[in-house]
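Working notes, beginning with the structure itself.
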Amino acid sequence: MLPSLFISHGSPMLALNKTAAHDFLRDLGKRLAPQAIVVVSAHWESLALKVSTSAKPETIHDFGGFPRELFECQYPAPGSPELAERLAVLLGAERVERGLDHGAWVPLSLMFPNANVPVVSLSLPVRWSSQELATLGKRMAVLREEGILLIGSGSLTHNLYELMPQDSPMPAWVDTFASWVSDHLIANDRDALLHWEEAPNARENHPTPEHFLPLLVAMGAGDKATQLHHSVEHGVLAMDVYQFA
């Protein structure tokens with residue numbers, strides 16, 4: 001049975017820059033052989049839960065100020081209207097047609113560069129409580145038994161106002177929060193994680209919550225957490241990856 005994953009996607013330049021996280025995701029994909037992928041990205045925020053029924057989701061370049069090479073990247077993975085319909089019924093989600101935002105296609109382009117695994121996007125209902133998001137993951141957990149990979153794509157820390165040069169060390173206020181999350185995940189202290197806003201330096205690391213919330217969905221879809229990767233980019237972007245078995 002496949003695990004659920006939380007992936008920190010950091011900057012869109014992850015697709016091109018050969019950082020530790022870039023190399024790790026390339027290796028991770030070689031160890032997985034999913035039949036399909038369901039991804040909840042921080043970059044598809046919504047009020048009601050939505051699922052994309054697109055058979056050929058476009059590559060969305062939802063960013064600005066980056067090199068032309070990044071805008072030329074395409075990730076032509078197929079969708080799966082059948083899986084999307086199943087999710088709509090299972091979760092009561094609204095059906096829409098939508099492409100893959102960079103929270104989805106950037107990590108997937110590294111993990112599955114042949115773009116031959118069907119991908120279905122599920123929105124992130126940002127007004128849902130932490131418990132509701134974890135329950136959303138739990139309701140999808142049955143898909144893992146069928147070789148469907150569940151991914152929450154966000155960033156363990158994400159304060160773009162404090163970005164530093166690429167190779168800057170992690171400041172103490174970032175390290176404190178990242179360590180708190182890691183410790184509570186490994187200890188399976190889910191009650192603490194459902195109240196993550198009370199963690200030390202939570203607001204400094206997440207001025208807005210959308211990049212943390214996909215972690216709760218991935219956590220809800222599995223049990224024991226394992227940290228698969230840790231690195232930092234631009235000082236304040238912890239690129240951690242966790243799996244939930």
- [ ] Decide if atom CZ of R31 counts as having more than 12 heavy atoms of other residues, nucleotides or ligands within a radius under 6.0 Å.
- [x] yes
Going by atom types only, do [X] and [Y] share a side-chain donor-acceptor pair under 3.5 Å?
X    : Y    : value
S46  : S123 : yes
N188 : R190 : yes
H9   : H158 : no
S8   : D240 : no
H102 : H43  : yes
N159 : E204 : no

Backbone N/O of [Y] and side chain of [X]: donor-acceptor pair under 3.5 Å:
X    : Y    : answer
S11  : M13  : yes
S168 : P165 : yes
S155 : T157 : yes
N205 : N201 : yes
H206 : A202 : no
H61  : Q74  : no
S129 : E132 : yes
S52  : R98  : yes
S153 : A104 : no

Decide yes or no for [X] and [Y]: does some side-chain heavy atom of the first lie under 4.5 Å from some side-chain heavy atom of the second?
X    : Y    : result
D23  : D27  : no
L5   : L149 : yes
T135 : W128 : no
L100 : S121 : yes
L163 : V236 : yes
R127 : L47  : yes
L14  : M239 : yes
F212 : E197 : no

- [ ] Begin from the C-alpha positions of M164 and M170 and carry the test side-chain contact (heavy atoms from CB on, under 4.5 Å) through to its verdict.
- [x] CA-CA 10 Å; M164 304 175 182; M170 180 183 285; over 6 Å; no
Going from [atom1] on [X] to [atom2] on [Y], what distance comes out if it is rounded to the nearest 0.5 angstrom?
X    : Y    : atom1 : atom2 : value
L136 : M140 : CG    : CE    : 4.5 Å
L143 : L90  : CG    : CG    : 6.5 Å
I186 : T226 : CD1   : OG1   : 6.0 Å
E162 : L237 : CD    : CG    : 11.5 Å
L124 : L133 : CG    : CG    : 6.0 Å
L28  : Q243 : CG    : CD    : 8.5 Å

Throw together a table of side-chain donor-acceptor distances under 3.5 angstrom for residues 33-40, partners on residues two or more places apart or in other chains.
none

Task: Contacts of type salt bridge (charged side-chain N to carboxylate O under 4.0 Å, His left out), residue E85, not counting sequence neighbours - done: R95
TODO: Report the relative orientation of the aromatic rings in F66 and F63; use parallel for angles under 30°, tilted for 30 to 60°, perpendicular for over 60°.
DONE: perpendicular
TODO: Locate the shortest heavy-atom distance separating K30 from R26; write the atom from each residue and the value.
DONE: CG-O, 3.5 Å
TODO: Please name the pair of heavy atoms, one in L193 and one in L216, separated by the smallest distance, quoted to 0.1 Å.
DONE: O-CD2, 3.8 Å
Open item on the list: side-chain contact (heavy atoms from CB on, under 4.5 Å) for L185 and M219? Distances and angles first, verdict last.
Closed with: CA-CA 9 Å; L185 282 172; M219 180 182 76; 4.2 Å; yes
- [ ] Please step through side-chain hydrogen bond (donor to acceptor under 3.5 Å, both in side chains) for the pair H229 and S231, ending with a clear verdict.
- [x] CA-CA 7 Å; H229 175 75; S231 63; 2.8 Å; yes
Open item on the list: Between L150 and R144, does the side-chain contact (heavy atoms from CB on, under 4.5 Å) criterion hold? Intermediate values first, please.
Closed with: CA-CA 7 Å; L150 306 179; R144 296 173 47 213; 3.8 Å; yes
TODO: In plain terms, say whether R86 and E146 are close enough for a salt bridge, that is, a side-chain N and a carboxylate O under 4.0 Å apart.
DONE: yes
Open item on the list: Between F24 and L228, does the side-chain contact (heavy atoms from CB on, under 4.5 Å) criterion hold? Intermediate values first, please.
Closed with: CA-CA 9 Å; F24 171 77; L228 300 182; 3.6 Å; yes
Task: Cluster link W180 to L194, ILVMFWY, side chain under 4.5 Å - done: yes
Open item on the list: Please determine whether residues Y75 and L70 belong to a single hydrophobic cluster, defined as Ile, Leu, Val, Met, Phe, Trp and Tyr linked transitively by side-chain heavy-atom distances below 4.5 Å.
Closed with: yes
For residues 105-115, dump all side-chain donor-acceptor pairs below 3.5 Å to protein atoms at least two apart in sequence or in another chain.
unit_1: W105; atom_1: NE1; unit_2: I60; atom_2: O; d: 2.9
unit_1: S109; atom_1: OG; unit_2: W105; atom_2: O; d: 3.2
unit_1: S109; atom_1: OG; unit_2: V106; atom_2: O; d: 2.7

